[in-house]
Amino acid sequence: MAIKDFGTRKVRRSWVALAISTVAVAGTLWAMMFTGFDFMQFERENALLPAPSAEQAARYRPRAQAEWRIVHANLETRLDQRSPLELGAVWATRTGQICGIVNGRGSFGGLSSMVRFYTIDQRPVFHQDVDHIPFQHAWFQCRRDQYVMLHAGTAEPGFCGSELGRRRCFNTKGGVRQ
């Protein structure tokens with residue numbers, strides 16, 4: 001008859017293995033905690049900036065509209081379109097920069113539809129004017145600081161954001177048109 005062992009025997013464990021496991025677990029927990037705090041700080045730093053108070057908006061709006069008139073004229077000159085400009089959302093930032101969406105409608109050598117722009121010294125800058133990374137960084141700063149809205153419209157770039165696209169594009173859910 002065999003004798004059954006119900007876990008009563010003692011097995012000697014190495015203190016080195018226990019120390020390595022403890023350091024690995026502690027390091028992993030610390031790394032997770034650091035990543036969480038770092039992510040929270042990143043999100044806080046890059047969140048949308050607060051909207052202006054009514055008093056601040058009233059004080060800043062005339063200056064932003066005067067700036068927008070100059071930028072609008074520069075946009076018309078730059079895009080050189082026969083029909084009036086089709087604008088999406090356009091806003092001014094706290095720093096006085098004008099940002100927005102405009103229909104490029106053949107102005108860039110093809111069908112470009114709604115394209116994003118921001119201004120430097122009242123001159124519009126488009127994605128094809130500068131490298132990708134600087135444009136994306138500047139656009140991200142514009143998007144998070146919508147201080148005074150100058151023209152209400154779509155914030156969607158591309159064909160579906162244009163007037164023609166709104167008539168032809170549609171949303172689907174589960175393959176069914178909504």
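The first residue in the sequence is number 1, and the count goes up from there.
- No donor-acceptor distance shorter than 3.5 angstrom exists from the side chain of Arg116 to the backbone of Ala155, with no hydrogens or angles considered.
- Heavy atoms from other residues, nucleotides or ligands lying under 6.0 Å from CG of Asp38 number more than 12.
- By the 30° and 60° cut-offs, the orientation of the rings of Tyr118 relative to Phe135 is tilted.
- In this structure, CZ on Phe140 lies 11.5 Å from CG on Asp145, to the nearest 0.5 angstrom.
- Within 6.0 Å of CE in Met32 there are 12 or fewer heavy atoms belonging to other residues, nucleotides or ligands.
- Once rounded to the nearest 0.5 Å, the distance linking CZ of Phe159 with CZ of Arg166 reads 10.5 Å.
- Between Gly161 and Thr154, the shortest heavy-atom distance links the atoms O-CG2, 3.2 Å.
- Within the 3.5 Å criterion, the main-chain N or O of Glu163 finds a donor-acceptor partner in the side chain of Glu86.
- The structure places CD of Gln136 at 12.0 Å from CD of Gln141, a figure rounded to the nearest 0.5 Å.
- When all heavy atoms of Ala92 and Ile98 are compared, the pair lying nearest together is CB-CD1, 3.9 Å.
- Hydrophobic clustering of Ile, Leu, Val, Met, Phe, Trp and Tyr side chains at less than 4.5 Å, counting indirect connections, keeps Val90 apart from Val125.
- Closest non-hydrogen pair, Tyr60 versus Thr93, comes out as OH-O, 3.0 Å.
- Atom-to-atom distance recorded for Ile20:CD1 and Trp15:CH2 is 14.0 Å, nearest 0.5 angstrom.
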Derivation of the side chain to side chain contact (heavy atoms under 4.5 Å, CB included) call for Val148 and Glu67: CA-CA 12 Å; Val148 173; Glu67 185 89 8; over 6 Å; no

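- Hydrophobic clustering of Ile, Leu, Val, Met, Phe, Trp and Tyr side chains at less than 4.5 Å, counting indirect connections, unites Phe34 with Met40.
- In this structure, the side chain of Ser113 does not engage the main chain of Ser162 through any donor-acceptor pair within 3.5 Å.
- The line from CG of Leu164 to CE of Met114 is 11.5 Å long, rounded to the nearest 0.5 Å.
- In the hydrophobic cluster analysis, where Ile, Leu, Val, Met, Phe, Trp and Tyr join through side-chain heavy atoms closer than 4.5 angstrom, Met149 is grouped together with Trp139.
- Between the CZ atom of Phe126 and the CG atom of Leu75 there is a distance of 5.0 Å, given to the nearest 0.5 Å.
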Criterion side chain to side chain contact (heavy atoms under 4.5 Å, CB included) on Leu85 and His72, from CA distance to verdict: CA-CA 9 Å; Leu85 290 179; His72 189 271; 4.1 Å; yes

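- Closest non-hydrogen pair, Asp129 versus Arg78, comes out as OD1-NH2, 2.8 Å.
- The aromatic rings of His132 and His127 lie perpendicular to each other, with more than 60° between the two planes, well past the 30° mark.
- For Gln97 (side chain) and Thr119 (main-chain N/O), a donor-acceptor pair under 3.5 Å exists by modelled atom type.
- In this structure, Trp30 is a member of the same hydrophobic cluster as Phe37, with clusters built from ILVMFWY side-chain heavy atoms closer than 4.5 Å.
- Linking ILVMFWY side-chain heavy atoms closer than 4.5 Å, directly or via other members, places Val115 and Leu79 in a single hydrophobic cluster.
- Contact between Trp91 and Gly100 at its shortest, heavy atoms only, is CZ3-CA, 4.0 Å.
- The local environment of CD in Glu43 is crowded, with over 12 non-hydrogen atoms from other residues, nucleotides or ligands closer than 6.0 Å.
- Scanning all heavy atoms of the two residues, the minimum distance from Glu156 to Ile101 falls at O-CG2, 4.3 Å.
- No donor-acceptor distance shorter than 3.5 angstrom exists from the side chain of Tyr147 to the backbone of Ala57, with no hydrogens or angles considered.
- Among residues two or more places apart in sequence or in another chain, the salt bridge (Lys or Arg N to Asp or Glu O under 4.0 Å) test is passed with Arg123 by none.
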